[in-house]
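Worksheet: the structure to be examined is printed underneath.
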Amino acid sequence: MKTGCSIVEKPEGGGGYHFPDWAYKTESSPGSRQIQLWHFILELLQKEEFRHVIAWQQGEYGEFVIKDPDEVARLWGRRKCKPQMNYDKLSRALRYYYNKRILHKTKGKRFTYKFNFNKLVMPNYPFINIRPNGKQETN
DNA sequence: AGCGGAACGG
DNA sequence: CCGTTCCGCT
């Protein structure tokens with residue numbers, strides 16, 4: 001049997017998204033990079049079939065709960081061909097997003113994170129310049 | 001459960 | 001760069 005671990009990408013995208021279109025845009029990169037974790041998270045959140053695994057939290061826009069951390073880690077490991085993936089490692093990757101301001105933790109709520117849409121919009125709208133501590137190019 | 005340093009690899 | 005692996009600390 002195939003491991004199905006090649007470059008399989010791109011969902012159909014023919015459903016009711018509860019998410020803006022720019023969010024899961026195919027990364028405006030020259031070479032074509034690997035799938036990023038937050039893209040993958042968005043991909044799961046987009047699909048009804050994973051609602052028991054990961055789902056949006058009603059109330060706060062962009063907030064989501066990982067209902068089954070082991071399963072999310074397993075799925076992520078499958079996609080990245082990392083069979084040894086677990087929630088401990090996955091969550092470390094999520095923690096790196098804090099500084100990048102892609103995500104932050106919803107404190108007090110177990111397995112709950114929240115997307116920072118302000119940051120998310122940036123790669124798609126490069127003209128929105130909010131550079132916190134970067135070098136300001138001559139622009 | 002959650003955090004963040006450190007080494008490492010594609 | 002973007003995680004992955006490992007781990008000590010809270």
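In the text below, chain A, chain B and the rest are named by the order of the sequence lines, each starting its count at 1.
- Side chain of A:Thr112 to main chain of A:Arg110: a donor-acceptor pair is present (N/O by atom type, distance under 3.5 Å, no hydrogens or angles).
- Here the side chains of A:Arg101 and A:Asn116 are in contact, with some heavy-atom distance below 4.5 Å.
- Between A:Leu94 atom CG and B:dA1 atom P the separation is 14 Å, expressed in whole Å.
- Of all the heavy atoms in A:Ala73 and A:Tyr87, the pair that sits closest is CB-N, 3.5 Å.
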A correct 5'-to-3' footprint of nucleotides 3-10 of chain C, with B, S and - meaning base, sugar-phosphate only and no protein heavy atom under 4.0 Å, is SBBSB---
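- Rounded to whole Å, atom C1' of B:dG4 lies 13 Å from atom NZ of A:Lys107.
- Between A:Glu43 and A:Arg79, at least one side-chain nitrogen of the basic residue sits less than 4.0 Å from a carboxylate oxygen of the acidic one, meeting the salt-bridge criterion.
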*Would you check, one step at a time, whether the test side chain to side chain contact (heavy atoms under 4.5 Å, CB included) holds for A:Tyr113 with A:Lys105?*
CA-CA 5 Å; A:Tyr113 300 82; A:Lys105 188 77 181 66; 3.5 Å; yes
*Could you walk me through whether A:Ile54 and A:Asp68 pass side chain to side chain contact (heavy atoms under 4.5 Å, CB included), step by step?*
CA-CA 7 Å; A:Ile54 187 171; A:Asp68 190 343; over 6 Å; no
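- Atom NZ of A:Lys109 is separated from atom P of B:dG2 by 13 Å (rounded to the nearest Å).
- Straight-line distance from the OH atom of A:Tyr87 to the P atom of B:dA1: 8 Å, rounded to whole Å.
- Put simply, OH on A:Tyr98 is 16 Å from C1' on C:dC2, counting in whole angstrom units.
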